[in-house]
Amino acid sequence: MRILLPDGRVLEFDHPPTGAEVAARISRSLAREAVVVEVDGELWDLARPIPDGARVRIIRRQDPEALAVLRHDAAHVMAEAVQALYPGTQVTIGPAIEDGFYYDFARDEPFTPEDLARIEAKMAEIAAEDKPFVREEVSREEARRRFAALGETYKLEILDSIPEDEPVTIYRQGDWFDLCRGPHGPSTGKIGAFKLLKVAGAYWRGDPRRPMLQRIYGTAFPDRRQLDAYLKRLEEAERRDHRRLGREMELFHFQEEAAGSAFWHPKGWILWREIEAYLRRRLEEAGYVEVRTPQLIDRRLWERSGHWDKFREHMFTLEDEDRALAIKPMNCPGHVQIFNTRLRSYRELPLRLAEFGSCHRKEPSGALHGLMRVRAFTQDDAHIFCTPEQISEETGRFCSLLMRVYRDFGFEEVRINFADRPAVRAGTDAVWDQAEAALWQAVRASGLAVQLNPGEGAFYGPKLEFVLKDAIGRDWQCGTLQVDFVLPERLDASYIGPDGEKHRPVMLHRAILGSFERFIGILIEHYAGRLPLWLAPVQAVVATVTNAADSYAREVTSALKRAGLRAESDLGSDKISYKVRQHVMRKVPVILVVGKREMQERTVMLRRLGVNQQEALALDAAVARLAAEARAPDA
RNA sequence: GCCGGCGUAGCUCAACGGUAGAGCAUCCGCCUUGUAAGCGGGGGGUUGGGGGUUCGAAUCCCUCCGCCGGCACCA
C-alpha cells in the first residue's frame, strides 16, 4: 500500500490506512490538528480507509479547506441540540456558507432569541462530550427505515432526490444521526469557537410554494480569536450602515408615505450632484451624448418592447382618459425611440445615448433596503447602438471608462462576471458566438479578473457584471454591460450600411454606478461617512475660539468659498472643543480653528478629520492647498 | 410577497394593565472659552393608523401601514 504525499514522499502501509493513520505517521502535531484528508482532490473523513496509490494531503484546523468542514460539524451539533431541546422538530438541511453555517428546521413554534442562548448552551455540552462523527454507508431502504421511524419527512424527500448511483451516507454523533454527504471532522469537540447569530424564515428548497422553515444562522471558527475578529467585523459593518449615517449626516431620509423612495436633503443632494457632474464630464470625454426621455409612456410601447409581457407586475401603471400608461421601469425603449426618429447611417455608429434616467419599479415590500434596494431610482444608463463588429471595441472602451470611474471613487479592486448564453434564449447560435467572442476578447484585453457565470446571460444576449470590493471586503455588483440583439429587432431599429442596405444595429446596455441611490449607499459605507474632500457636502468649517475672531472667521470662510470650496462658519459661543466634536461627528473633512492669535497673524489652525494634531498655516496657503485638494479627480 | 421581530419626543432608550419619563438634540439665558460634551432654565409625545377586550391599554387581542433580519424576487 502506497500513499503519495504532496511533497512527493511515499508512505508504505500493510493495510489501507485511514487519514488519521497517515497523519500520525507524519507527525504527532499533524495528527492532533488534522480535520479531514484530501484524497485525490476530494475531502474525506479521517476515519475512512484510503485506497492504494492515492494522492493524499492532510487538512489541518487552520487550513482554509477545514473551515467549511468545522462549520458543517457545528451545524450538525446545532441540529442535535435543537432536537434535544425541542422534540418534534424536524431537520432538513444544514450547510456551511460563506461566513458560517445554518440549519433549517421544521417546527410550528418560532425560535426566540432566548432559545438561541439555550441551544448554544446545549451545543457546548455536546461539544464537551467530544463524540466522534461516524460515517455509515447504508442502503436506501435502511436509510428510509431509519428516517421514517423518526418521522423525518424532509429527510425522506432528500433521500429520494439522491441519484441512484450515489452512495447514501449517514453521519452519527453518539445516538444522533443525520443524512449527510459529509465529510466531517473527527468529533464534536473539535468544532472550535461558535456562536448562533439569528433566526429567519426560509422556504423549503427555496420554493415559495413550499413550507416556510425556520433557519438558524451561526458561525464557527477554529479559535476564539478569529470568531471575535469576525464579530468585530459585523459591528464595523453596522457602524458604517448608510441608513444611520445618512440620517446623522443629514443626507436623505425615508418615510412611510413614500416607501422605497428617498427624500434627498440639501447635503445629500450636493453629493448626488457632485457625482452626477463628474460622471457627465467623463461621459462627454468618452463620446456619449446625453438625452432625457419621458417618465410616462403608453403601455403599447412596453407591449412592443416585450416588457409588458415579462415584467408588468413590476411596473406602476395609470390611466389617462382612455389611454393606459406606465411609469418607465427602464430607459431602453425610450432611447430606441430617439434612434428611430430618422434614418440612421452607419457613419453615426457607434451612437452612445446616455441618460441619468429616473425609473420606478414595484419591488416586493420585503426587498426594500435603505438606498440599496428602492422603488424609485436613477440609473446612470446608456445605450450604445453599434454594429456587431463594434461590440468588442465598445466593450473595451467601456471597461476602461468604468475602471477609471471606480478608481476615482476609491474602489481599486474590481471583478467581472461573464454571464454567457442561457438555455432559453433569443437569436441564433452564430450571433451568440459572435457576441460572446467579442466580449471575451475585450474583457481579456482589459486585464480585469473574469469569472464565468455559465448560463446566466440575459435571454437577449450575454452580459458582463462588474463587482467592486469595498473597504471592509464586501462585494457589490454595480456596473453591467449587456449585449442585446432582440430589442432593436422588436422596436425595428435600423441603419443604412455602406452597402446602401438596411441593417439591424446591436444595442449595448451599460451602467457604471448602477443606480445613484445604491452607489451613494455603497460610497457612504465604503468611507464610513468620511467622504473624500471633493465629495463632502461641507468641505470645511471655520470655527472660532472666541467671538473676538468672528469677523476674521467670516473672512476666512468667504476666501474658501471664493476658491470654490463648500465652507461654513461656526461662530457660536460654545467652547472650541464642543465645536470640534460637533463637526467631527458630522464628518466634516476639514476644521479651521481661528482665535485671536490666528486673526493677528492671518493664519488658520487646520485640523483634518481623523487626525488629532493640527497644522498652522498662512490663510492664503491654506486656501490654495484646500482648493487644490478639493478638485474632482478628473479636473 | 412569505416567516419572525419591532414601531414611545428629532435621536438613543425607559415605563410592560393604573393618569408617559431620562440623556442627547432644539429654544432661552449665563459663560468668551485653544481642538471630541461648560452651567442653568423652558418647550416638545392623542405611545405608527384603525378597531376590540377592560372600570382603566404604550402595555392584551385583531387588522392595516412601515421598518429590521432572513427567504423568494431583482428585466
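A, B, ... follow the sequence lines: proteins, then strands. Residue 1 opens every chain. Computation of the quantities below employed the complete heavy-atom set of this structure, encompassing side-chain atoms and omitting hydrogens, waters and symmetry-equivalent molecules.
Atom CD1 of A/I97 is separated from atom P of B/rG70 by 10 Å (rounded to the nearest Å). Protein atom CD of A/Q613 is 20 Å distant from nucleotide atom P of B/rG34, rounded to whole Å. Remark: P of B/rG70 and OH of A/Y203 are 15 Å apart, rounded to the nearest angstrom. Atom-to-atom, CD of A/E363 to C1' of B/rA75 comes out at 10 Å; the value is rounded to the nearest Å. Between the CE atom of A/M599 and the C1' atom of B/rU32 there is a distance of 13 Å, given to the nearest Å. In this structure, NE2 of A/H360 is placed 18 Å from P of B/rA75, rounded to the nearest angstrom. Summarising the geometry, the separation between CG on A/D381 and C1' on B/rA75 is reported as 12 Å, rounded to the nearest angstrom. The distance between atom CG of A/D99 and atom P of B/rG69, rounded to the nearest whole Å, is 16 Å.
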Show which side-chain atoms of residues 592-601 of chain A pair as donor or acceptor with protein atoms under 3.5 Å away, not counting sequence neighbours.
from, atom 1, to, atom 2, distance (Å)
A/E598, OE1, A/G595, N, 2.8

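Residues A/E355 and A/K328 are paired through a salt bridge, judged by an N-O separation under 4.0 Å between the basic side chain and the carboxylate. Between A/E236 and A/K232 there is no salt bridge, since no side-chain N of the basic residue sits under 4.0 Å from a carboxylate O of the acidic one. A/E436 has a carboxylate O that lies under 4.0 Å from a charged side-chain N of A/R421, or vice versa, which qualifies the two as a salt bridge.
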Name the pairs: protein N/O against N/O of nucleotides 9-12 of chain B, kept only if under 3.5 Å.
from, atom 1, to, atom 2, distance (Å)
B/rC11, O3', A/R247, NH2, 3.4

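Nucleic acid contact for A/A200: base, since at least one base atom lies under 4.0 Å from a heavy atom of the residue. Base engagement by A/K596 is indicated by at least one non-hydrogen atom pair under 4.0 Å involving a base atom. Within 4.0 Å of A/P364, counting heavy atoms only, lies at least one base atom of the nucleic acid. Among the protein residues, A/Y102 comes within range of no part of the nucleic acid, since none of its heavy atoms lies under 4.0 Å from any strand. Across all strands, A/G366 comes closer than 4.0 Å to base atoms (heavy-atom distances).
A gap of 29 Å separates the P atoms of B/rG40 and B/rU46, to the nearest Å. Comparing B/rA37 with B/rG52, their C1' atoms are spaced 48 Å from each other, to the whole Å. Nucleotides B/rU32 and B/rG38 have their C1' atoms positioned 11 Å apart, rounded to a whole Å. If you take atom C1' in B/rU19 and the same atom in B/rC55, they sit 14 Å apart, rounded to whole Å. B/rA57 and B/rU8: their C1' atoms are spaced 14 Å apart (whole Å). Between the P atoms of B/rA14 and B/rG48, the separation comes to 14 Å (whole Å). When the C1' atom is used for both B/rG17 and B/rG69, the distance is 31 Å, rounded to whole Å. Spacing between B/rC6 and B/rC62 at atom P, rounded to whole Å, works out to 13 Å.
Using a 3.5 Å distance cut-off with no hydrogens or angles, the side chains of A/Q482 and A/T480 do pair a donor with an acceptor.
Map A/K362 and A/E257 each onto its nearest nucleotide of RNA chain B; the residue landing nearer the 5' end is A/E257. Comparing A/G370 and A/G595 by the nucleotide of RNA chain B whose heavy atom lies nearest to each, the residue mapping closer to the 5' end is A/G595.
When distances are taken from the side chain of A/M212 to each of B/rA75, B/rU33, B/rC71, the shortest belongs to B/rC71. Among the nucleotides B/rG69, B/rC73, B/rA75, the one closest to the side chain of A/P329 is B/rA75. Taking the side chain of A/A367 as heavy atoms from C-beta on, and the options B/rA72, B/rG69, B/rG34, the nearest nucleotide is B/rA72. Residue A/S365 places its side chain closer to B/rG1 than to any other of B/rG1, B/rC74, B/rG34.
Looking only at distances, a side-chain donor or acceptor of A/D470 sits under 3.5 Å from a matching main-chain atom of A/G473.
Closest of all the heavy-atom pairs between A/G479 and A/L402 is CA-CD1, 4.1 Å. A/Q379 approaches A/M330 most closely through the heavy-atom pair OE1-CA, 4.5 Å.
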Please walk me through it: do A/Y217 and A/I97 pass side chain to side chain contact (heavy atoms under 4.5 Å, CB included)?
CA-CA 10 Å; A/Y217 283 94; A/I97 53 172; 3.8 Å; yes
Verdict with supporting geometry, A/R375 and A/F316, side chain to side chain contact (heavy atoms under 4.5 Å, CB included):
CA-CA 10 Å; A/R375 289 191 172 133; A/F316 291 102; 4.1 Å; yes
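At B/rC2, none of the side-chain N or O atoms of A/R215 fall inside 4.0 Å of OP1 or OP2 (strictly under the cut-off). Residue A/R243 has a polar side-chain atom (N or O) positioned under 4.0 Å from OP1 or OP2 of B/rC68. For the OP1/OP2 pair of B/rG70 and a distance below 4.0 Å, the side-chain nitrogens and oxygens of A/K198 include at least one atom meeting the criterion. Checking the phosphate oxygens (OP1, OP2) of B/rC71, a side-chain nitrogen or oxygen of A/Y217 falls inside 4.0 Å. Side-chain nitrogen and oxygen atoms of A/H369 include none within less than 4.0 Å of the OP1 or OP2 phosphate oxygen of B/rC74.
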Where along nucleotides 35-49 of chain B does protein come under 4.0 Å, by heavy atom, of base (B) or sugar-phosphate alone (S), with - for untouched nucleotides?
BBBS-----------
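For the pair A/R215 and A/Y102, the distance from NZ or CZ to the six-membered ring centre is under 6.0 Å and the angle to the ring normal is within 45 degrees.
Under the rule for a side-chain contact (heavy atoms from CB on, under 4.5 Å), the partners of A/A258 that lie at least two apart in sequence or sit in another chain are A/S261, A/F263. Every side-chain contact (heavy atoms from CB on, under 4.5 Å) that A/H369 has, sequence neighbours left out, goes to A/H242, A/R243, A/M372, A/R373.
Within the model, atoms OH of A/Y406 and NZ of A/K469 stand 14.0 Å from one another, a figure rounded to the nearest 0.5 Å.
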Could you spell out the base pairing of RNA chain B as a dot-bracket line? Use Watson-Crick and G-U wobble contacts where both distances are under 3.5 Å, [ ] for crossing pairs, | for partners on a different strand.
(((((((..((((....[..))))..((((.......))))......(((((..]....))))))))))))....
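Taking the six-membered ring where the residue is Trp, A/F339 and A/F385 present parallel rings, their angle staying beneath 30° rather than reaching 60°.
You won't find any donor-acceptor pair under 3.5 Å spanning the side chain of A/R375 and the base of B/rC74, going by distance alone.
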